[in-house]
Amino acid sequence: MTRAVLEIEGLSVEYATQKGRVHAVTDVNLELAEGESIGLVGESGCGKTTLALALMRILADNGRIVSGRVVLDGEDLLQLSEPEMAKRRWRAISMVFQSAMNCLNPVHRVADQIVEAIMQHEDVSPREAMDRTRSLFEVVGLDASLLRRYPHEYSGGMRQRAVIAMALACNPKVIIADEPTTALDVLVQHRILEQLTEIQSRRRMAMIYISHDIAVIAQVSKSVGVMYAGRLVERGPVRETFKRPIHPYTEALMDSVPSVGGEKRPLRLLGGDPPDLLNLPVGCAFAARCPRVQARCRSEAPPIVSYEGRWAYCWNPVNQP
Amino acid sequence: MNAIPEPGQVPAVKAEHLRKLYPVGGAFLRAPRSFIHAVDDVSFTVEDGKSLGLVGESGCGKTTTAKMVVKLIEPTSGEIQVRDSGGRAVSLSDLDGRATKRFRRSAQMIYQDPYESLNPRRTVLDTIAEPLVVQGMGTFAEREERVMSMMAQVGLTPVRNYLLRFPHELSGGQRQRVAIARALILAPKIVVADEPTSMLDVSVRSNIIQLMLDMRDRLGATYLYITHDVAVARYMCDQIAVMYLGKIVEMGSTEEILRDPVHPYTQALISAVPVPDPEQRKSSIAVKGGVARPIDPLPRCRFYDRCPAATSVCEESDHPSLSARNGGRMVACYNR
Amino acid sequence: MTAGIEPRATDRYYEIRAGLFLRQMRESWKLFAESRIGLIGIGVIVFFGLMAVAHPILMATVWEYRVYHPVIGFDGEMVGHPTPPSARHLLGTDPLGRDILSMLMHSTQSEFLLGIVAAIVTVVVGTAVGAASAYFGGWLDSVLMRISDLVIMMPSLSLYIVLGTLFDLNFTTLAIAIGLVSGLGATAVIIKSQAMTVKVKPYVEAARGAGGSHFHIITTHMIPNLVPLAFLYMMFTVTGAIFSEAVLSFFGILNVRMSWGIMINTAQSSGYLGFGLEYWWLLVPAGLSITLLCASFYLVGRGLDPVVNPRLRRG
């Protein structure tokens, strides 16, 4: 393991709503080494996007980071003033959003938008910025003829590529990708995922890839973090986690993916709904839906089970060392 | 599906040479200059109680094809025959207004986006009861009875908690259950499902797939299942037809196609599906470019531009027609 | 999540419906009340409403018919009309010796009548035209939209002046004219653009796929999704109607006996304008009322905006 480039310690985020405080992210701990990529998986509302927004410090107005540290290269991002943080965004940490169309200004050429982003963050000449944009286009697999085009002339896949190019523009150390391919066709998704993984490993960036689809995560990253009700409940390498998941929720998620190859196994049905984030249960948040639930799961917070460089929070793990 | 129907056995749906062209560039009093060939010479048969998956990327014509089967879109040319309650084949183009309304009792559609397919101002009860209301079936009390029993069947329980909710008070999975209940309340014989799980979370998705399977068994309905995800098709469909730019390029039993895809496009599509198990991952098949729009397509194989195995035959000849291969498989390719 | 109302077997259909309707109203009200401007608007409207209601009561009790009648009253005990405000005439008298407050309150009734009729005509015409145009398309759409273009193109005030010289316009006919202009013009176009987005929703296709007639689809799916927006534009129509009436009355084109516009017209025709604020009571009460009532309906419209357009809602 190389040194950690990003360390998240005890991060908790809340949203203030009319009905009360929504505990969107609770006590998340995560370390990311240089060049490492992790996939965060979970159902909608599990806090994975909120976590990403908190790392970028671009939460909605009613969102608040309650506690925790986000240390990037030895510097706690949460302690920085807003202008200082603004300098880190794009350069140190950047993000690819789910809806590409909302990230591109429809009245400006795509290349101009990337050039502008580069010049805002780095002291370079327009020519230099344009050159870099051109090579970024090449990196993400966009034709140079598209440089002079407007976003509406791009297809969905091209737009997503342009947004990835923009996120890469200032050579960030950490890149967060929030379901960048969900709206795309299978073949396009496949190509973009391949390219993204390739760029990530070549540039030795750390990447956090967010998706609700565990199969996509298996394709882009070597390790996986499973989120449930705002908590990171399991973390480990994809291969081991798939073969021998520790947390029952991870197992359920794996088994509910329809398989295309190999034997056709019956789909696992996970009943019930995630808990109300306004009002989290005392013990394990998954207890109400867990097939392996025990009495103490409902009353006491689960302990950490860890072995072989992976861990999970569970009283009654599916697999043990 | 290509087997000759048993004597006296009329297939539930039989589509022949379906074609749907949309004009582009036309204006007031000016003829359109070109046409989008959304669906171009598509033929298939679905036996009673079976399910056919229409698989392909966006813009391949799968939704247009399916909507023609339930008579929501009129084909430009070609014919669709469905099996009526008496077991005879009826051509959809022969139906007049009254007969169409009657046909609608037996053919229903489920939509992709549960956030758009429910009227935000109508309650669950209103929405599910709507087909009964427009078909003039039952009194208010009888309809309520039927709606409640249907809600129980699709898993919207306890029923009374959901009956008078509005869509914005439901989760995505619950909304899709409402949409399914609305489509199935008339006990249709033909159900067209347009990617009903693609907007849902993985864990919810498996529940909806299971629900659709259960309801198929209960109704004995014939399904036309539209999806871009071959993995989902594997669970839902006995047979699949892979479509590309308005054409069926490969058709056959789902398991066989997944095990041994013949057409290069089918191979690429299957290899691109993300697999959760890193050990199962196969090498992917590279396909160039993206899906074009089928505006006045050139007389050559539709997949020519992107095909990794294209030869000069593919460019010089018209799009290949479907031809039978081993085990009843139909493939439209010159080289395979 | 708001819990559904538990229906019991004994509940009647219409009771359930009413309950749901009330619930929706309560939620809408909460949203509306969040914006202060809407509440201010309502407050002003209620104030004028009370004035309108109070007038006949005052006439029947404390105000002597001969002296305080808004049109034919004359106070012979005061010398040299117009007189400035006094205990006897809280807002003074006009050049013809009539009580300004009584005229003001009496006119309020007419303004409400005008506004409400114009608004109803606007909503009915605008929704019908917009929905039909969007739903059926084709030649019907072309014809209706060309009519809209024509109506929008015409300067409405000049149109009313022409109508006023050709016909005998009173409050009701003017209200209908204003309602038609607004309903056929801008409102129809706005409703149509909204209707176009509703028309392509899968639930509309699902209704068709269930065998629903055009009438069923328009009445159960299109119009309920359009009425809130029409309601919003109804508020703006009221503002326009009151304003237009004031202008037309000022020019003496309408066949009405008393209105805020006529009050200003009287001051002008008797030669009392142009002296700065020396005769302010002839001008300010009527002018301020026109401004306030116009503004209040506009504010209510603004307050309704977040109720009608969910995308404006916060969080």
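Each chain gets a letter, A, B and so on, in the order its sequence line appears, and its residues count up from 1.
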message: Are the side chains of A/F137 and A/V110 in contact, using a 4.5 Å heavy-atom criterion?
response: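 A side-chain contact exists here, since the closest heavy-atom pair is under 4.5 Å.
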Do NZ/NE/NH1/NH2 and the carboxylate oxygens of B/R259 and B/E255 come within less than 4.0 Å?
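No.
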Indicate yes or no: does A/E240 engage A/R310 in a salt bridge with an N to O separation below 4.0 Å.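 Between A/R310 and A/E240 there is no salt bridge, as every charged N stays at least 4.0 Å from the carboxylate O atoms.
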Just give me the residue among [options] that pairs up with chain B most often, heavy atom to heavy atom, under 4.5 Å.
| options | answer |
| --- | --- |
| A/H212, A/E43, A/K264 | A/K264 |
| A/T241, A/L270, A/D273 | A/L270 |
| A/V41, A/L193, A/V216, A/V224 | A/V216 |
| A/L187, A/L184, A/V186 | A/L187 |

- Find the distance between OH (A/Y15) and NE2 (A/H23) and round it off to the nearest 0.5 Å.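 Between A/Y15 OH and A/H23 NE2, I get 13.5 Å after rounding to 0.5 Å.
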Contacting region of B/R205 [heavy-atom separation from chain A under 4.5 Å]: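 For B/R205, side-chain heavy atoms alone lie under 4.5 Å from chain A.
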Contacting region of B/I209 [heavy-atom separation from chain A under 4.5 Å]
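Contact with chain A is through the side chain of B/I209 alone.
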According to the interplanar angle, ranging from 0 to 90°, do the rings of A/H152 and A/Y150 count as parallel (below 30°), tilted (30 to 60°) or perpendicular (above 60°)?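 Ring orientation of A/H152 relative to A/Y150: parallel.
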Determine whether a donor-acceptor pair (N or O, by modelled atom type, separation under 3.5 Å) exists between the side chain of B/T227 and the backbone of B/G53.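 No, B/T227 side chain to B/G53 backbone: no donor-acceptor pair under 3.5 Å.
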Please state whether the side chain, the backbone, both or neither of [X] comes within less than 4.5 Å of a heavy atom of chain B.
| X | value |
| --- | --- |
| A/D255 | neither |
| A/S155 | neither |
| A/R191 | side chain |

Using the side-chain hydrogen bond (donor to acceptor under 3.5 Å, both in side chains) rule, pick out the option among B/K62, B/R306, B/R302, B/H319 that qualifies with B/Y244.
->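 With B/Y244 as partner, side-chain hydrogen bond (donor to acceptor under 3.5 Å, both in side chains) holds for just one option, B/R306.
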> Based on non-hydrogen pairs under 4.5 Å, which of B/P274, B/G173, B/G155 is most in contact with chain A?
Replying inline: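 Going by pairs under 4.5 Å, I would pick B/P274.
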